[in-house]
Structures are given as structure tokens and as C-alpha cells.
Amino acid sequence: MFKRDAFVTNNLGQITAGLLLCAVAIGFNPVKSSAAPAVDGQSVTVPAQPYPKSGLRQRLAAQGKTVPDVDNSLQADIPAQYYPPTSTALASDTGHAAIVALPDCNDRFPDSWIKKLQNDGIGVLLISPNQAHPSQAYCTEGSLEAPKHGLTYWAFDALSALQYLTTQDEIDPNRIAVFGYGYGAGAAQLAIYRHGHAKHSKTQFKALIGLRPQCMSEMDNLAPSLLIGLKDDPFNPPAWCHWRLDRDLSPDLAPNREPVRFEVFESGETIEKQATRKLLSIESSPAIVAMVTNFLLKSHVTEKNTQN
């Protein structure tokens, strides 16, 4: 069960008072009963990890130079929902697999995917960087001319969530993936970027899934990635991903990088509907579900084929 001394908490639905088993000043500690886990999420708070000292800062300090403090004004613990697996049949001796889910910039993540992963024996920790860093609300603020830089905060939140999950007895620390949706998929890519925050992390994600991704980082990845785009998506154009793939993954430039697979699907929807940030049925279609399921198996996040 989740450790009681850990800080524990995207709101896909209202959590009733009956689910709050205990609340303490440092957060909420979900307790796992002997019955089948509830489908609903349990509120937890993920403690933010301290920012690491960059190599440059370490070198300057070693030379006796004055190094300004790191700006941690936007560093905050992260509200989240933990969705335990509805089946433990696929758990190993070291625990069950888990996924850190990153929502779009409007704090939305497909509920159908959470349920699918739960049914496959995977615990889902859906974090809300948008609530932890409300000033970094990209859906309503920022522009190409005056961009904001919240993506790196979101990536750091994902790594804090990864570290948090590794402390939970019921979770296999070697089978934790990251699943980003929309803007969250861009942040997820930064969470496995070889030259970013990930290089300072004690642990690494096993794999990455990006659905309707914004491809916003170089693809020098520490983990294999599956990116799934939608044709004519106005918010997350597949052309951005194609450009980065062509630029970053040529054999002579990326001989040691983990593989990145990018697939584009026809949504079957009008441009107008795709332009409203609505969840589309294609996103949880059998073809995409099978692709993600097989990718998780191939990446050793899941150890058995869960597809019926």
C-alpha cells in the first residue's frame, strides 16, 4: 500500500468525501483495501523534488565563484489523482506497472485511457502541473511572440512523480512509463530528454507514450517513445513531429538514441470539432489501443500481453 509517511494527492471527476480515508497536514494517504480497488481516483499530493545543481553551477562553485541561487519560486508540490489497477493478475513479485499521466494544458486527460490502463493492471498517477504552476497556463496565456517556459516545470513535475512512485511498495520501480496528452506529451518528451532534467534524475522512465503530441524537444531520448498524432490537428500539428524526427533521428546524428515511433491517424472529424480541444473517439480506438498495448509490452512495462 502507499506509505503513510509520503506526501500523497487533474480533476477528471469529483472525489467524494467518502473516498477521503485520512487527511493530514502534509497530504492525503490512500489506503488499499483487501477488496478490488476502486475505479475512481484517490487524491494525493506529489512532493516536488529539489532542483539539481547543473554542471555549470557545480564548476563555478568549485572555482570559488559566487553562484546565484536557483529560482524556485514556481516549484510546488503537485496535486494528482492515483488510479489503482482494477486487476492485480499481471503484477510481478516486484509489484505492478505504473504510468505517470500528463494532461493537456487545460488539465484534461482521456478518462477512457485511465480505465483501459487500470484494467490492464497498471496504476495511473495523473498529475496536475497546471494547478501546481497556475501562472504557466498555456491554454490561455503565452504566444509564439512571447512564449512561456512552463514546459520544463511540467517535465520536472513528471520526474518528481516518477520518484514518488518508486517509493510505493506495491509498484515495480523498474516498470514506470510516462503518458502525455497534447501539451502534456511535449512535457513528457522533456522528461526523457537526455540533456535535460532527466539526466539528473535518480531513476528514468521505462517508456513514453504521447497522444496528440506537441513535439517540443529534441529527440535525444533516454527511453523508447511512441507518438500518435491526428491528421489536421490544429493544436498539435503532426508536421512539427515530422520535422523533429527528420532533423534529430538521422542515423549519423543519432546512433545511440532510443527509438522513436510516430504514427498519424485520420480522426474522421471535421476541422471545427478538432479545433475545440474536445476528446475524439479515434483517440481510444481499437487500432490505437492495440498499438499502445503492444508498445508497452515490447518496452517491458507490461510483462504479459493484456489484449483480449
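Just so we're clear, the structure is a prediction, and the values are computed from it rather than from any experiment. For reference, positions follow the sequence shown, starting with 1.
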Examine I114 and V301 and state if one hydrophobic cluster contains both, with Ile, Leu, Val, Met, Phe, Trp and Tyr joined whenever side-chain heavy atoms are less than 4.5 Å apart. yes
Heavy-atom pair with the smallest gap, counting every atom of G182 and N236: CA-ND2, 3.8 Å
Is it true that a side-chain atom of D104 and a backbone atom of N106 form a donor plus acceptor pair closer than 3.5 Å? no
Full working for side-chain contact (heavy atoms from CB on, under 4.5 Å) between L226 and V292: CA-CA 8 Å; L226 172 63; V292 170; 4.1 Å; yes
Only residue of F205, F295, Y83, F109 satisfying ring pair (Phe, Tyr, Trp, His ring centres under 6.0 Å) with F179 is F109
Flag the pair R175 / K206 as yes when at least one side-chain heavy-atom distance between them is below 4.5 Å, and no otherwise. no
Kindly determine whether Q163 and K202 satisfy side-chain contact (heavy atoms from CB on, under 4.5 Å), including the steps that lead there. CA-CA 8 Å; Q163 180 60 31; K202 297 177 182 178; 4.0 Å; yes
According to side-chain hydrogen bond (donor to acceptor under 3.5 Å, both in side chains), who are the partners of Q204, at least two apart in sequence or on a separate chain? none
Return each pair, listed once, that meets disulfide (SG to SG under 2.5 Å) where at least one residue sits in residues 171-216; pairs must be two or more places apart or across chains. C215-C241
Can you measure from CG (L159) to CG (L190) and round to the nearest 0.5 angstrom? 9.5 Å
Partner set under side-chain hydrogen bond (donor to acceptor under 3.5 Å, both in side chains) for S225, not counting sequence neighbours: N221
Min side-chain heavy-atom separation T166-I176 under 4.5 Å: yes
Would you say the side-chain atoms of S112 pair up with the backbone N or O of S284, donor to acceptor, closer than 3.5 Å? no
Main chain of Q214, side chain of Q189: is a donor-acceptor contact present, judged purely on distance under 3.5 Å? yes
Looking at side-chain heavy atoms only, is the closest gap between I122 and L296 below 4.5 Å? yes
Per the salt bridge (Lys or Arg N to Asp or Glu O under 4.0 Å) rule, what does the pair list look like for residues 183-192, sequence neighbours excluded? none
P173 vs T203 side-chain heavy atoms within contact, under 4.5 Å: no
Output for pair (R244 CZ, D246 CG), nearest 0.5 Å, gives 12.0 Å
Which atom of L165 lies closest to which atom of A98, heavy atoms considered: CD1-CB, 4.0 Å
Give a yes or no on whether the backbone of A48 and the side-chain of D77 come within a donor-acceptor separation of less than 3.5 Å. yes
Filter on salt bridge (Lys or Arg N to Asp or Glu O under 4.0 Å), then keep only pairs touching residues 152-161, sequence neighbours left out; what's left? none
Are M219 and F262 linked, directly or through intermediate hydrophobic residues, by side-chain heavy-atom contacts shorter than 4.5 Å (ILVMFWY only)? yes
Out of curiosity, F156 CZ to I78 CD1, how far, rounded to the nearest 0.5 Å? 8.5 Å
Quick one: does P79's side chain get under 4.5 Å of I127's, heavy atoms only? no
Has the side chain of T167 got a donor or acceptor atom that lies under 3.5 Å from a matching backbone atom of Y164? yes
Between G184 and L102 the two heavy atoms that sit nearest each other are O-CD1, 3.5 Å
Taking atom NE2 as the centre, does H242 end up with more than 12 heavy-atom neighbours from other residues, nucleotides or ligands that are less than 6.0 angstrom away? yes
Atom pair NZ (K116) and OG1 (T86), whose distance is rounded to the nearest 0.5 Å: 10.5 Å
Answer whether the closest heavy-atom distance between the side chains of I288 and E263 falls below 4.5 Å. no
Given side chains that start at C-beta, do those of L125 and I99 come closer than 4.5 Å, heavy atoms only? no
Is there a side-chain contact between I228 and F265 in this structure, where contact means two heavy atoms from C-beta onward sitting under 4.5 Å apart? yes
In this structure, CG of L227 is separated from CH2 of W240 (nearest 0.5 Å) by 14.0 Å
Classify the ring geometry of H96 against Y82: parallel below 30°, tilted from 30° to 60°, perpendicular beyond 60°. parallel
Nearest atoms (heavy-atom pairs only) where I192 meets A223: CD1-O, 3.6 Å
Residues V178, L162; criterion side-chain contact (heavy atoms from CB on, under 4.5 Å); working and verdict: CA-CA 8 Å; V178 60; L162 168 63; over 6 Å; no
In terms of heavy-atom contacts, W154 and A187 come closest through CB-CB, 3.5 Å
Would you say S285's side chain and I282's backbone share a donor-acceptor pair under 3.5 angstrom? yes
Smallest separation among heavy atoms of P103 and P129, with atom names: CD-CD, 4.1 Å
With sequence neighbours excluded, residues passing side-chain hydrogen bond (donor to acceptor under 3.5 Å, both in side chains) with E283: Y181, R212
